[in-house]
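Input: one structure, supplied below.
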Amino acid sequence: MAVDLQQTHIPVLCKEMVETLDPTPGKMYVDGTFGGGGYTRAILNKGVSKVIAFDRDNDAIKRAQSFTQEFGDRFEIIHDCFSAMDKYLKPESMDGIVFDFGISSYQVDEAHRGFSFRQNGPLDMRMGVGAAYTAADVVNTFKERDIAEILHVYGEEPRAKKISKAIIAARSVKLFETTQELATLIRTIVPSQDGFDPATLTFQGLRIFVNNELIEIERALQQSNKLLPLGGRLVTIAFHALEDRLVKNHSRVAFNHQEFLCMYSSINRKVITPSLDEIRKNPRCRSAKLRGFIKEIKYR
Ligand SMILES: C[S@@+](CC[C@H](N)C(=O)[O-])C[C@H]1O[C@@H](n2cnc3c(N)ncnc32)[C@H](O)[C@@H]1O
């Protein structure tokens, strides 16, 4: 499938990300979630020495080719999960690291990727490297109890048991193949609340499970402890409470990560959220939360 290089992803809280990360000429940065490269470009435009970007998605890697042409040695793209950063980078070698968690508009808008309950496509949801099961594998082969647990824990879906039971009944007649088969089933058994599509939380839960998203984040935050020197900056943009909670806990508790135990201080007094104007222009950013930290103390 060809990648549509004309499509766009509007970078969320980009100005605020730059102010918090404070990219400085001569310094080195990691963009852990390249996507369409909006953050990478904003950081490079500040005259930094280099941005090393990661993305697990093959389409994002194709999009990065034009950055290689444009920025030469100042840009490097690595096709891997951000939980593998320390395979490529030396301890204390990066002055700042940014993560824009979640999925990009490219991924949601491409029906064939299977992320969207609004469009019909194969029930896939794999972002790329590191995803073993498709969402169809989960709903077609996992036990009722395990599906309910995934929807409850990762989707925070209060009707997880009811939905899981209906999935098991439906798959005994016909296995799920498409996003619309699953979304339609959920819409018939649970009512819509506050105008939200009833399939929203089930799709979120399956996506987080399929891509191992929370474990990825936890590992990447731990590695950031190691990759940043004292004074190094960590900036995160989270899109739901599960991601944001991991970041908050990480910044409060110095992870016992052997010789790389460290403590952070917050850069901004309060969490940064998009303005009404930004939400009006880009409704998808409405739940974004930006946090920034400076590595302050390192215990050995
Ligand atoms: C919200 S988008 C980033 C958008 C980017 N900030 C921009 O300005 O275009 C998130 C990107 O992170 C990637 N991603 C998500 N989880 C990842 C992981 N564990 N490792 C590497 N990339 C990941 C996704 O494939 C997606 O392209």
Side-chain angles (χ1 to χ4, degrees), residues 3-18 20-21 23 29-46 51-67 75-89 96-110 113-116 124-132 154 204 207-224 227 235-240 242-244 246-247 274 278 282-290:
V3 185
D4 182 356
L5 296 169
Q6 302 310 314
Q7 257 191 342
T8 49
H9 168 95
I10 306 169
V12 175
L13 290 169
C14 195
K15 182 171 140 291
E16 293 81 354
M17 179 281 293
V18 169
T20 308
L21 187 68
Y29 293 85
V30 171
D31 178 353
T33 49
F34 178 79
Y39 282 9
T40 287
R41 178 177 296 284
I43 299 168
L44 283 164
N45 284 345
K46 290 287 172 185
V51 172
I52 300 175
F54 289 79
D55 208 295
R56 69 198 300 184
D57 186 333
N58 200 33
D59 289 350
I61 303 304
K62 288 183 191 154
R63 252 176 250 117
Q65 282 166 11
S66 67
F67 277 63
F75 172 70
E76 185 180 342
I77 182 81
I78 297 175
H79 188 192
D80 209 338
C81 291
F82 49 57
S83 63
M85 286 187 304
D86 69 350
K87 244 170 53 188
Y88 303 90
L89 307 171
I97 302 177
V98 60
F99 298 109
D100 183 9
F101 297 127
I103 45 178
S104 69
S105 299
Y106 304 105
Q107 291 165 326
V108 187
D109 293 341
E110 292 276 353
R113 302 298 302 270
F115 288 107
S116 172
D124 191 323
M125 300 197 195
R126 287 169 302 170
M127 284 190 207
V129 178
Y154 294 138
Q204 173 188 305
R207 192 201 88 205
I208 292 177
F209 175 77
V210 163
N211 295 292
N212 215 8
E213 287 180 36
L214 301 186
I215 291 170
E216 277 290 311
I217 293 176
E218 215 161 75
R219 289 189 184 146
L221 293 173
Q222 288 184 2
Q223 289 178 23
S224 302
L227 299 177
V235 177
T236 61
I237 293 85
F239 287 85
H240 52 74
L242 294 170
E243 292 170 348
D244 195 47
L246 286 179
V247 175
E278 182 168 358
N282 179 17
R284 279 182 181 161
C285 76
R286 63 187 174 279
S287 55
K289 286 197 161 102
L290 183 149

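Whatever order the structure lists ligands and atoms in, that order sets their numbers, starting from 1.
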**Message:** Y39 versus ligand 1: do any nitrogen or oxygen atoms come within less than 3.5 Å of each other?
**Reply:**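 Looking only at distances, the answer is yes, because the N/O contact criterion of under 3.5 Å is met.
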**Nearest non-hydrogen protein atom, atom 7 (C) of ligand 1** =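 It is G38 N, 3.4 Å.
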**Item:** Where ligand 1 meets F34 - atom numbers and elements under 4.0 angstrom, heavy-atom basis
**Value:**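 Close to F34: 5 (C), 7 (C), 9 (O).
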**Subset of ligand 1 atoms that lie under 4.0 Å from at least one heavy atom of H9** =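 Reading through ligand 1 atom by atom, the close ones are 4 (C), 7 (C), 9 (O).
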**Message:** Quick check: C81 and ligand 1, any N/O pair under 3.5 Å apart?
**Reply:**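 No, C81 has no N/O under 3.5 Å of an N/O on ligand 1.
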**Asked** Is any side-chain heavy atom of K289 less than 4.5 Å from a side-chain heavy atom of V247?
**Response**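 Heavy-atom side-chain distance check fails, nothing below 4.5 Å.
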**Message:** If I apply the N/O under 3.5 Å rule, does S83 come out as touching ligand 1?
**Reply:**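 No, there is no polar N/O contact under 3.5 Å.
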**Nearest-contact summary for atom 26 (C) of ligand 1 - protein heavy atom, Å** =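 The closest one turns out to be D55 OD2, 3.5 Å.
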**Prompt:** Is a side-chain N or O of D86 found less than 3.5 angstrom from the main chain of Q223, in a donor-acceptor match?
**Reply:**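 Checking the backbone N and O of Q223 against the side chain of D86, no donor-acceptor pair under 3.5 Å is found.
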**Prompt:** Below 3.5 angstrom, do we get any N/O pair linking G36 and ligand 1?
**Reply:**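 Such a contact does occur with ligand 1.
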**Asked** Considering V98, T33, V12, which one's heavy-atom position lies nearest to atom 3 (C) of ligand 1?
**Response**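 Ranked by closest heavy atom to atom 3 (C) of ligand 1, first place is T33.
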**Prompt:** After noting the C-alpha distance and the side-chain angles of F82 and F99, does the key distance pass the ring pair (Phe, Tyr, Trp, His ring centres under 6.0 Å) rule?
**Reply:** CA-CA 9 Å; F82 49 57; F99 298 109; 5.1 Å; yes
**Message:** Heavy atoms only, cut-off 4.0 Å: how does E216 contact ligand 1, side chain, backbone, both, or neither?
**Reply:**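 Within the 4.0 Å criterion, E216 contacts ligand 1 through side-chain atoms alone.
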**Request:** Could you check D109 against R284 for salt bridge (Lys or Arg N to Asp or Glu O under 4.0 Å), going step by step and ending with a plain yes or no?
**Result:** CA-CA 12 Å; D109 293 341; R284 279 182 181 161; 2.6 Å; yes
**Message:** What protein heavy atom lies closest to atom 15 (C) of ligand 1? Include the residue and the distance to one decimal.
**Reply:**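 Of every protein heavy atom, M127 SD, 3.3 Å lies nearest to atom 15 (C) of ligand 1.
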**Enumerated ligand 1 atoms positioned under 4.0 Å from heavy atoms of G37** =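 Going through ligand 1 atom by atom, the ones under 4.0 Å from G37 are 7 (C), 9 (O).
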**Message:** Heavy-atom pairs closer than 4.0 Å: do any link ligand 1 to the side chain of Q107, the backbone, both, or neither?
**Reply:**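 Side chain only.
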**Prompt:** Taking only heavy atoms of S104, which atoms of ligand 1 are found under 4.0 Å from at least one of them?
**Reply:**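 Checking each atom against S104, I get 2 (S).
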**Asked** Could D80 and K87 be called an ion pair, given the rule that one side-chain N must be under 4.0 Å from one carboxylate O?
**Response**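 Salt bridge between D80 and K87, a charged N being under 4.0 Å from a carboxylate O: yes.
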**Message:** For ligand 1, which is the ligand I care about here, please tell me if F82 has any N or O atom under 3.5 Å from one of the ligand's N or O atoms.
**Reply:**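 In this structure, F82 places an N or O atom under 3.5 Å from an N or O of ligand 1.
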**Asked** Would you call the rings of F75 and F67 parallel, tilted or perpendicular, where under 30° means parallel and over 60° means perpendicular?
**Response**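 Ring orientation, 0 to 90° scale: tilted.
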**Prompt:** Is a side-chain N or O of R207 found less than 3.5 angstrom from the main chain of Q204, in a donor-acceptor match?
**Reply:**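 A pair under 3.5 Å: no.
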**Message:** Donor-acceptor pair, distance only, cut-off 3.5 Å: does the side chain of Q222 make one with the backbone of R219?
**Reply:**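 No: the side chain of Q222 does not pair with the backbone of R219.
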**Request:** Please could you name the atoms of ligand 1 that D80 approaches to less than 4.0 Å, counting only its heavy atoms?
**Result:**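 It comes down to these atoms of ligand 1: 21 (C).
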**Message:** I need the atoms of ligand 1 closer than 4.0 Å to a non-hydrogen atom of G102, numbered in the order shown.
**Reply:**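 Those qualifying, in numeric order: 10 (C), 15 (C).
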**Flag, side chain of S83 to backbone of E216, donor-acceptor distance under 3.5 Å** =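 Flag not set: sc S83 to bb E216 has no pair under 3.5 Å.
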**Request:** Would you mind listing which atoms of ligand 1 come within a distance below 4.0 Å of any non-hydrogen atom of I103?
**Result:**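 Matching atoms, with element in brackets: 1 (C).
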**For atom 4 (C) of ligand 1, closest protein heavy-atom neighbour** =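 Sorting protein heavy atoms by distance from atom 4 (C) of ligand 1 puts D100 OD2, 3.4 Å first.
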**Message:** Could you check, using the six-membered ring where one of them is a Trp, whether Y39 and F34 have ring centers closer than 6.0 angstrom?
**Reply:**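 That pair fails the under 6.0 Å test.
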**Asked** Got a donor-acceptor contact below 3.5 angstrom from the E243 side chain to the F239 backbone?
**Response**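 Present.
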**Asked** Under 3.5 Å, side chain of R63 to main-chain N/O of G35, donor-acceptor pair present?
**Response**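 Yes: the side chain of R63 pairs with the backbone of G35.
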**Asked** Any luck finding a side-chain donor-acceptor pair between T33 and D100 under 3.5 Å?
**Response**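 Not at all, the side chains of T33 and D100 share no donor-acceptor pair under 3.5 Å.
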**Asked** Quick one: which ligand 1 atoms are inside 4.0 Å of a heavy atom on D57?
**Response**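 Taking each heavy atom of D57 in turn, ligand 1 has 25 (O) under 4.0 Å.
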**Asked** Nearest protein heavy-atom contact for atom 23 (C) of ligand 1: which residue, which atom, what distance?
**Response**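 Among all protein heavy atoms, the one nearest atom 23 (C) of ligand 1 is R56 CD, 3.7 Å.
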